[in-house]
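Contents: one structure, followed by commentary.
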Amino acid sequence: MEGRMGWVVKVSLLVAVAGLLQGSVNAQGTVHVVGGSLGWIVPPGGPIAYSTWAANQTFVVGDVLVFNFTNGSHDVVEVSKPEFDSCNATNSSNTIMTMSPANYTLGGAGSRYFICTFQRHCSLGQKLAINITATSPSPVPVPAPSPSIAEAPSDAPTRSPVTYTVGDAAGWNVLAGGATPYQLWAANKTFMVGDTLVFNFVNRTHDVAEVSKAAFNSCNTNTTISLSTNPPVRIVLTTPGEHYYTCTFSGHCSLGQKLAINVIGTSTSATPPSSTPGATPPSSSATPPPPPSSATTPTGTPSTPSPPPPPPASSASSLGITGLTVAVLSIVTMALMY
Ligand SMILES: *[C@@H]1O[C@H](CO)[C@@H](O)[C@H](O)[C@H]1NC(C)=O
Ligand SMILES: *[C@@H]1O[C@H](CO)[C@@H](O)[C@H](O)[C@H]1NC(C)=O
Ligand SMILES: *[C@@H]1O[C@H](CO)[C@@H](O)[C@H](O)[C@H]1NC(C)=O
Ligand SMILES: *[C@@H]1O[C@H](CO)[C@@H](O)[C@H](O)[C@H]1NC(C)=O
Ligand SMILES: *[C@@H]1O[C@H](CO)[C@@H](O)[C@H](O)[C@H]1NC(C)=O
Ligand SMILES: *[C@@H]1O[C@H](CO)[C@@H](O)[C@H](O)[C@H]1NC(C)=O
Ligand SMILES: *[C@@H]1O[C@H](CO)[C@@H](O)[C@H](O)[C@H]1NC(C)=O
Ligand SMILES: *[C@@H]1O[C@H](CO)[C@@H](O)[C@H](O)[C@H]1NC(C)=O
Ligand SMILES: *[C@@H]1O[C@H](CO)[C@@H](O)[C@H](O)[C@H]1NC(C)=O
Ligand SMILES: *[C@@H]1O[C@H](CO)[C@@H](O)[C@H](O)[C@H]1NC(C)=O
């Protein structure tokens with residue numbers, strides 16, 4: 001029925017459409033609103049908020065960073081890596097951007113570092129490090145910088161331990177929006193030694209693995225620090241610093257079922273987890289004391305065998321683009337059939 005030429009035309013058309021899609025993706029500089037809906041603030045959880053945000057972006061020359069903040073309460077200046085690490089902008093010759101939105105066009109490949117010069121904002125976590133690639137052939141997962149979390153606020157409040165329900169009503173799931181919902185959930189919370197995380201999910205449809213930062217970024221869950229399978233999973237935060245959690249079910253991590261938090265330790269506050277039901281935790285997201293021992297508390301079980309490994313780390317934006325491409329190609333293909 002179909003002549004050979006017909007197929008040639010169709011294939012050419014398909015290739016052309018694919019090329020157009022590719023071109024349109026690369027042509028316009030992507031606008032990155034720094035921190036997403038969090039904006040440019042002092043994140044209560046420390047610099048991990050911006051490092052996890054950046055880890056989920058691909059920065060290409062020509063893209064624009066938009067720093068969104070309250071005029072007079074923050075600013076933005078590009079600094080060198082040593083200045084970024086030490087939170088010292090006094091030697092920076094770069095212009096301090098004081099008006100929001102502060103737009104910064106990525107002019108060349110390489111690393112860029114930004115901080116807020118307001119007193120202590122940087123050391124409290126208002127700092128951003130990014131890697132920029134020259135072109136966008138394939139999404140480059142940007143490894144998160146090692147945030148300097150050394151300077152915990154010396155006037156850190158001591159308070160009763162808080163029980164946090166991860167994701168609140170959404171629970172521990174693969175959510176629409178990828179990792180963003182968990183980033184936002186964690187972003188305005190303060191996690192302290194002695195607090196408890198509760199992961200709610202349907203039995204045998206998810207699990208909770210604490211993993212290394214590298215495993216978190218790459219979504220390779222072959223090796224875990226601990227693995228808990230029996231919901232609700234309760235994890236008591238016993239050590240300060242960054243903690244990374246994900247699900248080892250195939251693909252779940254890459255789809256955004258992952259949580260990074262920064263735990264603040266205070267010298268005096270290592271009170272054991274609340275056993276006093278009367279105590280009212282200050283956070284609105286605290287939940288009442290949970291049922292007793294149906295929970296599994298991970299005790300450092302090393303390298304528990306995992307379910308089938310998830311596919312290699314792929315940024316969801318690439319998934320999105322691929323999906324779009326497939327969708328458009330399907331439509332074109334169908335159109336050509338008739
Ligand atoms: C900047 O923040 C304000 C207030 O949170 C918000 O209304 C606005 O949409 C944000 N702008 C961008 C570009 O995200
Ligand atoms: C910041 O760096 C400048 C030199 O660039 C130095 O003179 C100053 O002492 C530093 N400040 C702090 C607090 O480290
Ligand atoms: C300040 O910056 C200049 C040039 O950017 C550099 O030569 C100098 O060593 C820096 N000083 C300090 C103390 O870092
Ligand atoms: C900040 O100030 C500039 C200049 O006055 C203004 O255009 C802008 O809307 C202000 N941004 C915010 C978030 O208030
Ligand atoms: C900065 O970027 C935002 C978001 O793309 C845009 O609305 C705004 O007009 C830009 N501002 C300037 C001064 O370019
Ligand atoms: C940028 O890339 C370099 C080399 O790959 C890496 O060492 C560094 O950690 C990256 N920085 C950020 C902010 O991702
Ligand atoms: C990255 O963020 C987007 C939304 O901005 C989200 O859809 C996507 O799932 C996230 N990807 C990862 C790997 O976290
Ligand atoms: C965090 O944000 C949520 C939703 O925006 C809000 O309901 C909650 O009160 C905030 N919690 C804190 C501690 O600010
Ligand atoms: C979850 O499933 C496992 C294995 O089937 C079972 O042993 C366990 O009791 C279940 N837990 C809950 C809370 O239903
Ligand atoms: C994870 O383990 C499986 C089976 O041992 C192996 O085939 C796979 O290559 C490992 N994945 C990574 C990323 O190391």
Side-chain angles (χ1 to χ4, degrees), residues 32-57 59 65 67 69 74 76 79 81 84-87 111-116 120-131 141-153 156-157 162 164 166-167 172 175 177-197 199 208-219 225 235 237-247 253 256-266 283 285 313 315:
H32 305 268
V33 178
V34 174
S37 50
L38 188 62
W40 182 239
I41 63 169
V42 179
I48 198 168
Y50 293 112
S51 61
T52 51
W53 173 80
N56 180 25
Q57 309 279 319
F59 300 100
L65 297 182
F67 293 87
F69 55 90
H74 304 278
V76 189
V79 295
K81 183 166 192 318
F84 176 85
D85 290 336
S86 64
C87 282
S111 301
R112 298 286 190 288
Y113 305 89
F114 303 90
I115 68 174
C116 175
R120 296 183 71 225
H121 284 198
C122 173
S123 50
L124 290 172
Q126 194 172 11
K127 57 196 303 192
L128 171 70
I130 64 170
N131 275 340
V142 181
S146 31
S148 55
I149 53 175
E151 189 171 331
V162 173
Y164 290 109
V166 175
W172 182 236
L175 301 177
T180 307
Y182 290 113
Q183 286 169 19
L184 293 177
W185 177 84
N188 73 348
K189 294 183 177 57
T190 303
F191 301 95
M192 297 178 77
V193 168
D195 289 352
T196 300
L197 299 179
F199 295 79
V208 182
E210 181 168 358
V211 296
S212 68
K213 180 178 184 171
F216 180 87
N217 286 334
S218 66
C219 281
I225 296 168
I235 293 180
L237 304 173
T238 55
T239 55
E242 295 167 21
H243 293 271
Y244 301 90
Y245 304 94
T246 187
C247 174
C253 176
Q257 191 176 11
K258 55 200 298 194
L259 171 70
I261 63 170
N262 188 36
V263 177
I264 298 170
T266 56
S283 164
S285 58
S315 98

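Interatomic distance, CD of Gln126 versus CZ of Arg120, reported as 13.0 Å (0.5 Å rounding). Note: Leu237 CG to Thr196 OG1 = 7.0 Å, rounded to the nearest 0.5 Å. To the nearest 0.5 Å, atom NE2 of residue His121 and atom SG of residue Cys116 are 5.5 Å apart. Between Ser218 atom OG and Lys213 atom NZ the span is 12.5 Å, to the nearest 0.5 Å. A distance of 9.5 Å separates CD in Glu242 from OG1 in Thr52, rounded to the nearest 0.5 Å. Taking OH from Tyr164 and CG from Asp195, the interatomic distance works out to 5.0 Å, rounded to the nearest 0.5 Å.
Classification of the Phe84-Tyr113 ring pair by plane angle, with boundaries at 30° and 60°, yields tilted. In this pair, Trp40 and Tyr50 present their aromatic rings tilted. The plane angle is within the 30 to 60° band. Taking the six-membered ring where tryptophan is involved, the planes of Phe59 and His32 are tilted, since the angle between them lies from 30° to 60°.
Minimum heavy-atom separation, Cys87 to Ser123: SG-N, 3.4 Å. Across all non-hydrogen atoms, the minimal contact from Lys127 to Asp85 is NZ-O, 4.1 Å. Considering all non-hydrogen atoms of both residues, Ile115 and Cys122 come closest at CG2-SG, 3.6 Å. When all heavy atoms are compared, the tightest approach of Ile48 to Ala260 is CD1-CB, 3.7 Å. The two atoms that bring Trp185 and Asn188 nearest to each other are O-OD1, 3.6 Å, heavy atoms only.
Contact of the Val34 side chain with the Phe114 side chain is not registered, since no non-hydrogen atoms from C-beta on lie closer than 4.5 Å.
Taking the ring-ring contact (aromatic ring centres under 6.0 Å, His included) definition, one finds that Tyr182 meets it with Trp172, sequence neighbours left out. Scanning for side-chain contact (heavy atoms from CB on, under 4.5 Å) contacts around Ala186 gives Phe191, Leu259, Ile261, with sequence neighbours left out. Remark: His243 pairs with no residue by the ring-ring contact (aromatic ring centres under 6.0 Å, His included) rule, at least two apart or across chains. Remark: Ala187 pairs with Leu38 by the side-chain contact (heavy atoms from CB on, under 4.5 Å) rule, at least two apart or across chains. Residues meeting the side-chain contact (heavy atoms from CB on, under 4.5 Å) test with Ser212, sequence neighbours left out: Ala214, Ala215. Applying the side chain to side chain donor-acceptor pair (under 3.5 Å) test to Ser37 and every residue at least two apart in sequence or in another chain returns nothing.
Cys253 pairs with Cys219 as a disulfide, the SG atoms being under 2.5 Å apart.
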Side chain to side chain contact (heavy atoms under 4.5 Å, CB included) between Val166 and Tyr245, intermediate numbers included:
CA-CA 11 Å; Val166 175; Tyr245 304 94; over 6 Å; no

Stepwise side chain to side chain contact (heavy atoms under 4.5 Å, CB included) check, Met192 with Val162
CA-CA 8 Å; Met192 297 178 77; Val162 173; over 6 Å; no

Might you work through the side chain to side chain contact (heavy atoms under 4.5 Å, CB included) test for Leu65 and Ile130, ending with a clear yes or no?
CA-CA 10 Å; Leu65 297 182; Ile130 64 170; 3.9 Å; yes

